[in-house]
Amino acid sequence: MAAELTTTKLNADAHLLLDQPLVRLPHEFARKNLRSSRALVERFQTETNAAIDSAQKAALKTTHSSSATVASLDAVLNKAQTLKRKLEALHAEERALQSQQKARLRHLQELHEIPSLVDVKFDRWSKVRLDRMLVDYMLRMGFDRSAKLLTQERKIEGLVDVDAFRALEDINRSLRQGRTNEALTWCQDNKRALKEAGSNLELELRLQQMVEMTRTGETTKLIEATIHARKYLGAQQDTFYGLRAGGLLAHPANTLTEPYRELYSPRRWSYLADLFISTYEQIFSLPPQPLLHIALSAGLSALKTPACHSVYASSSSNASSTTTSVCPICSTELNELAKNVPYAHHTKSYVEDNPVVLPNGRIYGRERLMAMNEKLGTAEGKIRDPTNVSQEFSASQMKKVFIT
């Protein structure tokens with residue numbers, strides 16, 4: 001009874017290792033929201049103090065008109081109203097994030113209130129988790145409409161990140177279509193986070209802008225490229241991008257010299273798109289792989305054994321097998337998927353009683369082997385391998401084995 005309770009007891013903390021992004025993403029968006037609010041207030045405070053000081057000094061002059069002072073104060077009030085509107089929008093976004101965080105924490109708390117793996121509540125919770133993983137997978141694969149429909153049908157809007165992945169996909173698509181404006185706008189909105197992460201994404205995008213300017217070789221474009229390089233690439237402490245920019249001015253689009261040939265290559269747009277995706281995932285603590293892949297890999301690895309892909313395997317995927325198996329990895333659906341998955345590290349071995357080994361190296365429990373041979377009608381004094389009935393051995397060749 002004690003062993004049974006141990007195997008069915010739910011370890012909530014172990015299950016939640018896979019669900020860290022569920023809480024991290026809203027937290028990162030909340031941090032971004034806070035940084036934006038702080039930057040707006042600090043900028044307004046600086047501009048307002050400067051405007052008021054200027055108006056105060058001007059008002060003390062006898063030649064200054066009162067209407068000019070009133071106009072400068074009106075400008076300050078207009079800025080204050082603009083700040084209020086922006087802060088109200090950020091506050092509404094903050095409330096939405098808090099509601100989302102509350103729903104996710106409630107969902108995770110439900111797992112801690114389930115005592116056993118055999119509880120029906122755990123089945124319901126697991127189905128919700130599977131729906132979340134399916135939505136995450138579809139969003140990453142670009143199936144936005146299907147993900148949205150599944151989200152609405154299962155009523156899990158607060159547990160998935162449709163908007164975050166939609167923003168990611170929009171910029172990813174724009175880069176693959178040869179546009180940098182959307183990505184640069186995103187970089188400006190997340191400038192501090194990019195700096196903290198040590199990302200060169202913005203510099204790579206600025207360099208790509210210069211590539212497009214120098215691609216035609218026109219004099220006016222080369223002048224624009226020079227000004228662009230001085231403004232965005234030449235002032236950086238890292239001279240790498242400054243040297244690349246200078247080299248672009250000296251190499252035409254049909255050059256065979258590296259790295260400029262690669263910079264002019266259309267493949268660079270794919271590189272920028274992949275760089276943006278990895279940067280986005282790093283900043284917002286998203287795993288680089290779909291959660292469905294991670295969970296499936298872990299499950300396959302936990303169940304996989306060397307016998308699952310043996311030529312003698314007893315499985316529905318092996319046409320030469322004469323027996324059936326209930327092993328999920330041996331099934332037709334999962335056998336191919338599990339081929340490249342590593343074996344799990346097992347600290348305990350489970351073998352049948354009284355094990356014996358046949359000359360072909362396969363091991364069976366003696367009682368089960370004899371019962372199978374009786375059903376197969378094997379002649380007395382002979383023994384057959386149940387997974388390959390064409391192999392028949394003398395019963396004296398069967399040897400007892402011991403676990404060491």
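Since the structure is predicted, the reported quantities are computational estimates derived from the model, not experimental observations. Along the sequence shown, the residues carry numbers beginning at 1.
- At least one donor-acceptor pair closer than 3.5 Å links the side chain of Y280 to the backbone N or O of A164.
- Looking at heavy atoms from C-beta onward, P288 lies out of side-chain contact with S278 at the 4.5 angstrom threshold.
- Note that OG1 of T239 and CG of L233 are 12.0 Å apart. Values are rounded to the nearest 0.5 Å.
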Are Q209 and L184 close enough, and set up right, to give a side-chain contact (heavy atoms from CB on, under 4.5 Å), and what steps lead you there? CA-CA 10 Å; Q209 284 185 317; L184 284 169; 3.2 Å; yes
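- R104 places a side-chain N or O within 3.5 Å of a backbone atom of G158 that can act as its donor or acceptor partner.
- With a 6.0 Å radius and a threshold of 12 heavy atoms from other residues, nucleotides or ligands, R166 has its CZ atom above the threshold.
- S99 places no side-chain N or O within 3.5 Å of a backbone atom of A96 that could act as its donor or acceptor partner.
- Taken to the nearest 0.5 Å, the CZ atom of R176 stands 5.0 Å off from the OG atom of S270.
- For the 3.5 Å distance criterion, the side chains of R85 and T82 qualify, holding a donor opposite an acceptor.
- Not a single donor-acceptor pair under 3.5 Å links the side chain of N33 to the backbone N or O of F29.
- Counting heavy atoms from C-beta on, the side chains of K148 and R145 never come closer than 4.5 Å.
- H107 has its side chain within reach of R132: a pair of non-hydrogen atoms, C-beta onward, lies under 4.5 Å apart.
- What you find for I283 and A193 is that their closest heavy atoms are CG2-CB, 3.9 Å.
- The neighbour count for K155 NZ, taken as heavy atoms of other residues, nucleotides or ligands under 6.0 Å away, does not exceed 12.
- Rounding to the nearest 0.5 angstrom, the gap separating the CE atom in M210 from the NZ atom in K221 is 13.0 Å.
- Counting non-hydrogen atoms of other residues, nucleotides and ligands closer than 6.0 Å to CD of E374 gives a total of 12 or fewer.
- Across all their heavy atoms, P359 and Q397 have their closest contact at CG-CB, 3.7 Å.
- Taking the side chain to side chain donor-acceptor pair (under 3.5 Å) definition, one finds that R38 meets it with nothing, sequence neighbours left out.
- Counting heavy atoms of neighbouring residues, nucleotides and ligands inside a 6.0 Å radius, atom CZ of F143 does not exceed 12 of them.
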Show your working on side-chain contact (heavy atoms from CB on, under 4.5 Å) between R366 and K400 and close with a plain yes or no. CA-CA 9 Å; R366 184 183 184 90; K400 184 174 178 60; over 6 Å; no
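- No donor-acceptor contact under 3.5 angstrom links the side chains of Q100 and E157, judged on distance only.
- Heavy atoms of other residues, nucleotides or ligands lying less than 6.0 angstrom from OH of Y137 number 12 at most.
- Residues D119 and R124 are not paired through a salt bridge, judged by the lack of any N-O separation under 4.0 Å between the basic side chain and the carboxylate.
- In this structure, K304 contributes its side chain and A338 its backbone to a donor-acceptor pair below 3.5 Å.
- Judged by distance alone, the side chains of H91 and R95 do bring a donor and an acceptor atom under 3.5 Å apart.
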Test side-chain contact (heavy atoms from CB on, under 4.5 Å) on R140 and F165 and set out the steps. CA-CA 7 Å; R140 290 173 183 267; F165 279 103; 3.7 Å; yes
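- Contact check on E169 versus R173 returns a salt bridge, with a Lys/Arg side-chain nitrogen under 4.0 Å from an Asp/Glu carboxylate oxygen.
- Using modelled atom types, no side-chain atom of H228 and backbone atom of E224 make a donor-acceptor pair closer than 3.5 Å.
- Checked options D161, L168, T279, N190; the residue passing with F284 is N190 (criterion: side-chain contact (heavy atoms from CB on, under 4.5 Å)).
- Looking at K84 and L87, their side chains never come closer than 4.5 Å, going by heavy atoms from C-beta outward.
- Ring geometry, W186 versus F276: the interplanar angle exceeds 60°, so the pair is classed perpendicular (tilted spans 30 to 60°).
- Around atom CZ of R179, more than 12 heavy atoms belonging to other residues, nucleotides or ligands sit under 6.0 Å away.
- The side-chain heavy atoms of K79 and T48, taken from C-beta on, include no pair separated by under 4.5 Å.
- A heavy-atom distance below 4.5 Å is not found between the side chains of H27 and L97.
- Residues meeting the side chain to side chain donor-acceptor pair (under 3.5 Å) test with R261, sequence neighbours left out: none.
- Looking only at distances, a side-chain donor or acceptor of D136 sits under 3.5 Å from a matching main-chain atom of L291.
- The heavy-atom pair separating L205 from A183 by the smallest distance is CD1-CB, 3.6 Å.
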side-chain contact (heavy atoms from CB on, under 4.5 Å) between R362 and V357: does it pass, once the steps are laid out? CA-CA 6 Å; R362 294 188 64 81; V357 60; over 6 Å; no
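- Using a 4.0 Å cut-off between charged nitrogen and carboxylate oxygen, K121 and E113 do not count as a salt-bridge pair.
- Counting only distance, with no hydrogens or angles, the side chain of T255 and the backbone of H251 share no donor-acceptor pair below 3.5 Å.
- A donor-acceptor pair shorter than 3.5 Å can be found between the side chains of Y264 and T214.
- Rounded to the nearest 0.5 Å, atoms CG (L272) and CG (L201) are 7.5 Å apart.
- Separation of atoms CD1 (I223) and CD (E218) is listed at 11.0 Å; rounding is to 0.5 Å.
- Residue V356 is tested with L369, I383, V401 for a side-chain contact (heavy atoms from CB on, under 4.5 Å); the sole match is L369.
- L207 is listed as a side-chain neighbour of L248, based on a closest heavy-atom distance under 4.5 Å.
- Taking both residues in full, the closest heavy atoms of Y260 and R244 are given as CE2-O, 3.6 Å, listed atom of the first, atom of the second, then distance.
- No hydrogens or angles considered: a donor-acceptor pair under 3.5 Å links the side chains of Y241 and E204.
- Of the possible polar contacts, none joining the S301 side chain to the S297 backbone as a donor-acceptor pair under 3.5 Å is found.
- Between A225 and M213, the shortest heavy-atom contact is CA-SD, 3.6 Å.
- A salt bridge links R129 with D19: the distance from a Lys NZ or Arg NE/NH1/NH2 to an Asp or Glu carboxylate oxygen falls below 4.0 Å.
- At a threshold of 4.5 Å between non-hydrogen side-chain atoms, the residues E182 and L175 do not count as touching.
- E28 and R31 are joined by a salt bridge, as a carboxylate oxygen and a charged side-chain nitrogen come within less than 4.0 angstrom of each other.
- Once rounded to the nearest 0.5 Å, the distance linking OG of S37 with CD of E42 reads 11.0 Å.
- Across every non-hydrogen atom of A273 and N172, the tightest pair is CB-OD1, 3.3 Å.
- Every side chain to side chain contact (heavy atoms under 4.5 Å, CB included) that E212 has, sequence neighbours left out, goes to Q208, R215, W269.
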